[in-house]
Structures are given as structure tokens and as C-alpha cells.
Amino acid sequence: MQVAVELPEDIADILKAAWRDLPRGVLEAVAVEGYRGGALSRDEVGRLLGLSFWDAEAFLKKRQAYLEYDNEDFERDRRSLDGIPPP
């Protein structure tokens, strides 16, 4: 799917100067916000941007887009791990 975005020329000029590659910058912004909002997984971000697993991790870390992980998530994971017998 292709999406067209209309920007005021002065804003487009500012973004071109900051990002150099405006279409890629817009795509990356969509990926980051999609991840932060929970609409996209890390794997989907990587696929969208053509990045490997570790490159997607580095991309999201650089942009401070961290997985939301609260105490409830931790406790659920801890309970799951408690059920695994030791080696």
C-alpha cells in the first residue's frame, strides 16, 4: 500500500534537512509510533524497515521506543518460569 502525505513546503524542508531521506524518515516515524502505541510488534517494525532482528532492536533502542513491561507482566512471566523444571 502506498500512502501520500501532504506537508507544508517549509515543514518538508525542515524535515528534509533533519532526515536527509524524507520518505525513509516518515516511514521510520510511523514504525516507531506504531511500536510505541502497541499496533506493531518489533518483528513487524523490522519487516517494515527491512531490518534484521538485532537491527530492529537497535533501531528501537536508539529512538527510546521500549516495550511496555509492568509489574503485572513481570509476575506473569515469573509464574511461567516457576513451572519449568531445572536442568
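Of all heavy-atom pairs between Y35 and Y66, the closest is CE2-C, 4.0 Å. In this structure, G46 and A56 approach most closely via the heavy-atom pair CA-CB, 3.9 Å. The shortest heavy-atom contact between A31 and V45 is O-CG2, 3.7 Å.
Grouping the Ile, Leu, Val, Met, Phe, Trp and Tyr side chains by contacts below 4.5 angstrom, directly or via other members, places V30 apart from F59. There is a path of hydrophobic side-chain contacts, each under 4.5 Å, that joins V5 to W19.
Annotation: side chain to side chain donor-acceptor pair (under 3.5 Å) contacts of D82 (sequence neighbours excluded): R78. Partners of D43 according to the side chain to side chain contact (heavy atoms under 4.5 Å, CB included) rule, which considers only residues two or more places apart in sequence or in another chain, are S41, F53. Shown here are the side chain to side chain contact (heavy atoms under 4.5 Å, CB included) partners of D70, two or more places apart in sequence or in another chain: E72, D73.
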Please output the side-chain donor-acceptor pairs of residues 10-18 that fall under 3.5 Å, not counting sequence neighbours, one pair per line with the distance.
none

Below 3.5 Å, can you tabulate the donor-acceptor pairs from side chains in residues 20-29 to any protein atom, sequence neighbours excluded?
unit_1: D21; atom_1: OD1; unit_2: R24; atom_2: N; d: 3.3
unit_1: R24; atom_1: NE; unit_2: E28; atom_2: OE2; d: 2.9
unit_1: R24; atom_1: NH1; unit_2: L49; atom_2: O; d: 3.3
unit_1: R24; atom_1: NH2; unit_2: L49; atom_2: O; d: 3.2
unit_1: E28; atom_1: OE1; unit_2: R63; atom_2: NH2; d: 3.4

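Clustering of Ile, Leu, Val, Met, Phe, Trp and Tyr side chains at separations under 4.5 Å places L81 together with I84.
Every pair tested for salt bridge (charged side-chain N to carboxylate O under 4.0 Å, His left out) that includes a residue from residues 44-54 fails, sequence neighbours excluded, so the list is empty. Applying the salt bridge (charged side-chain N to carboxylate O under 4.0 Å, His left out) test to every pair with at least one member in residues 50-62, sequence neighbours left out, gives these pairs: R42-E57.
Applying the 6.0 Å contact sphere to CZ of F74 captures no more than 12 heavy atoms from other residues, nucleotides or ligands.
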